[in-house]
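Written out below as structure tokens is the structure these notes cover.
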Amino acid sequence: MKNLLVILLPLFILIGCAQKPVVVSTKPSVIKTEKPQEIVDIVIPEPEVLVEDEIPVEEDLSSKIAIIYPSKIVGKYAKSTLSTVSAYLLFNNMPFVVETFDTYNENSESILSELNKLNEKGYRKVIALFTQNGFNILNSLDESKDLNIYFPLINKSEIYTENENFVFGGISYQKQMNLLESLSSQRNTMFYIKSYLGNKLKDYYLNSFGESIIKEIDRKNNKYKYIMNDKRMIGSTVLLNTPIIKSSIIMSQLTAFEINPIRVLSTQLNYNPLLLKLTQERDRENFYVVSSISEVDAFIEDYARLLGSDIQYNWVDYSSLIGVNYLLKNNESDFIKTEIIDNQVNYEETLYKSTFYGFKKVSTN
């Protein structure tokens, strides 16, 4: 399913602010004056303001962007990525064309089919919302070799490619783990949910923290007594590799069972103000979270929020913002400070502490 979004902001400005074309009417107004023995007709043209229905605008091929994605796998990211791209272009007052190409899954036939379509339509700048499996297929296709492609979900360290036209925007959970490890009490407990990301975070955790107590959380089980009944956790450092809802429940249970961890830590997964609404202040008294999202201009945040994306807390949306800026302006911007080095977005990991009203930066120097 393909959606075509064509937004021409200068057109709105022309219609709303510019002088309208003035057309002299062929229908005269007549004023009659009398002279002896004759009547003279004086014809005064009456101006009439007309607004043209359409103003032809030439398509700017430099601002054509394709977004290709498998909706079955990453459908939740596609809409917000489209909103982020649109917000960026509106903020920069640029006419543009954005079109989405849905491969549905990451099968080679589906990817090749949609790739051929976007090539036929003249797209050369592409945001590809693929996992590593989809990337491996795309990387093997000749049809992708001449395209400038940005991968918001993939970190360069996770793949292999020789294509210099590919740029990667995935955050480094390993770097986030390394930063969190500096807060460890050397007695550590990790909670995680078995999944593709959960298993990967578990490996990163073990690389940084070493031997620890590992607690696997069942997605469908909300009975935590058997998990919390473990005195080894008392006074330890707890790390949450769990989604926000599960994390909020775990934090409340840690309080209820008087585990009293020295600190509760989390990666990017729980850098979200929703966590503050789902927990009590005492549950997150010693809660620390690391984020790879840097500050941007407040106006672009407002544009994005109005269109349905969140570049302040959602790292995929923030990655997509960097991606569209790279594709259109070669990553040169006054309001995006995050750089791209050696075809990988170079995020700056920042540590935050939970407060009553939100998250506060913590100095790590």
Side-chain angles (χ1 to χ4, degrees), residues 62-63 65-67 77 80-81 83-94 96 98 124-130 132 135 138-139 147-180 182 204 208 267-269 271 289-304 309-352 359 361-365:
S62 65
S63 297
I65 295 180
I67 301 174
Y77 297 132
S80 61
T81 294
S83 297
T84 300
V85 171
S86 302
Y88 171 89
L89 292 160
L90 286 170
F91 176 80
N92 283 278
N93 195 20
M94 300 171 66
F96 64 94
V98 178
R124 290 295 176 264
K125 300 173 182 180
V126 182
I127 294 177
L129 290 161
F130 287 116
Q132 292 180 44
F135 167 79
L138 194 67
N139 189 42
L147 300 176
N148 290 319
I149 305 182
Y150 180 82
F151 296 88
L153 304 180
I154 299 175
N155 189 281
K156 189 179 178 181
S157 65
E158 301 170 338
I159 53 84
Y160 172 78
T161 183
E162 295 180 350
N163 194 324
E164 291 298 321
N165 293 334
F166 292 173
V167 172
F168 304 89
I171 61 176
S172 174
Y173 281 108
Q174 184 63 71
K175 288 184 178 180
Q176 292 192 0
M177 289 290 184
N178 294 342
L179 178 57
L180 292 173
S182 66
Y204 290 152
S208 297
T267 62
Q268 189 82 47
L269 283 176
Y271 182 63
V289 61
V290 62
S291 173
S292 298
I293 300 174
S294 298
E295 294 180 357
V296 299
D297 189 284
F299 284 104
I300 186 66
E301 287 184 359
D302 291 340
Y303 274 86
S309 69
D310 184 0
I311 59 177
Q312 185 177 7
Y313 291 104
N314 187 314
W315 76 263
V316 177
D317 289 347
Y318 181 70
S319 175
S320 298
L321 178 71
I322 297 173
V324 65
N325 185 58
Y326 154 73
L327 291 172
L328 296 181
K329 294 190 175 183
N330 198 28
N331 207 47
E332 295 181 0
S333 172
D334 293 331
F335 64 91
I336 300 176
K337 305 302 180 184
T338 305
E339 298 179 338
I340 293 176
I341 299 177
D342 192 24
N343 289 50
Q344 167 64 46
V345 177
N346 186 35
Y347 294 103
E348 179 180 350
E349 286 70 34
T350 303
L351 189 66
Y352 294 87
F359 297 107
K361 283 186 179 181
V362 176
S363 175
T364 56
N365 296 331

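Predicted model only: the values in this text are computed from it and were never measured. In what follows, every heavy atom counts, from backbone to side chain, and hydrogens, waters and symmetry copies are set aside.
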inquiry  = Applying side-chain hydrogen bond (donor to acceptor under 3.5 Å, both in side chains) to N155 and S157, what does each step give before you reach the verdict?
reply    = CA-CA 5 Å; N155 189 281; S157 65; 2.7 Å; yes
side-chain contact (heavy atoms from CB on, under 4.5 Å) between I340 and Q344, worked out = CA-CA 5 Å; I340 293 176; Q344 167 64 46; 5.9 Å; no
request  = Given side-chain contact (heavy atoms from CB on, under 4.5 Å), test K125 with L328 step by step and report yes or no.
outcome  = CA-CA 8 Å; K125 300 173 182 180; L328 296 181; 4.0 Å; yes
request  = List the steps, then state whether side-chain contact (heavy atoms from CB on, under 4.5 Å) holds for L138 with I149.
outcome  = CA-CA 10 Å; L138 194 67; I149 305 182; 3.9 Å; yes
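Within the 6.0 Å centre-distance limit, the rings of F135 and F151 are counted as a close aromatic pair.
Using a 4.5 Å cut-off on side-chain heavy atoms (C-beta onward), I127 and P152 make contact. The side-chain heavy atoms of T338 and Y347, taken from C-beta on, include a pair separated by under 4.5 Å. Using a 4.5 Å cut-off on side-chain heavy atoms (C-beta onward), I336 and I322 make contact. Using a 4.5 Å heavy-atom cutoff, the side chains of V289 and F359 are in contact. Looking at Y150 and S319, their side chains come closer than 4.5 Å, going by heavy atoms from C-beta outward. T84 places none of its side-chain heavy atoms less than 4.5 Å from the side chain of V324. With contacts defined as side-chain heavy-atom distances shorter than 4.5 Å, the pair L351/L180 qualifies. Residues I293 and I311 have side chains not in contact (no heavy-atom distance under 4.5 Å, counting atoms from C-beta outward).
Note that NZ of K337 and CG of D297 are 9.5 Å apart. Values are rounded to the nearest 0.5 Å. A distance of 8.0 Å separates CG of D334 from NZ of K329, quoted to the nearest 0.5 Å. Once rounded to the nearest 0.5 Å, the distance linking CD of Q132 with CD1 of I154 reads 6.5 Å. Atom CD1 of I159 and atom CG of N139 lie 7.0 Å apart (nearest 0.5 Å).
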Donor-acceptor contacts under 3.5 Å from residues 165-179 side chains, at least two apart:
residue	atom	partner	partner atom	Å
N165	ND2	K145	O	3.1
S172	OG	K175	N	3.1
Q174	OE1	N207	ND2	3.4
Q174	NE2	N178	OD1	3.1
Q174	NE2	S208	OG	2.8
Q176	OE1	Q268	N	2.9
Q176	NE2	Q268	OE1	3.2
Q176	NE2	S292	OG	2.9
N178	OD1	S208	OG	2.6
N178	ND2	Q174	O	3.3

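By the side-chain hydrogen bond (donor to acceptor under 3.5 Å, both in side chains) test, S294 is found to be paired with no residue, residues two or more places apart in sequence or in another chain being considered. A search for side-chain hydrogen bond (donor to acceptor under 3.5 Å, both in side chains) contacts involving D310 returns nothing, not counting sequence neighbours. By the salt bridge (charged side-chain N to carboxylate O under 4.0 Å, His left out) test, D302 is found to be paired with R305, residues two or more places apart in sequence or in another chain being considered. In this view, D342 and K156 satisfy the salt bridge (charged side-chain N to carboxylate O under 4.0 Å, His left out) rule, not counting sequence neighbours.
Closest heavy-atom contact between I300 and A87: CD1-O, 3.5 Å.
For residues 309-342, the ring pair (Phe, Tyr, Trp, His ring centres under 6.0 Å) pairs, not counting sequence neighbours, are F91-F335, Y271-Y313.
For CD of E295, the number of neighbouring non-hydrogen atoms (other residues, nucleotides, ligands) closer than 6.0 Å is 12 at most.
Panel note: side chain N92, backbone Y88; a donor-acceptor pair is recorded below 3.5 Å.
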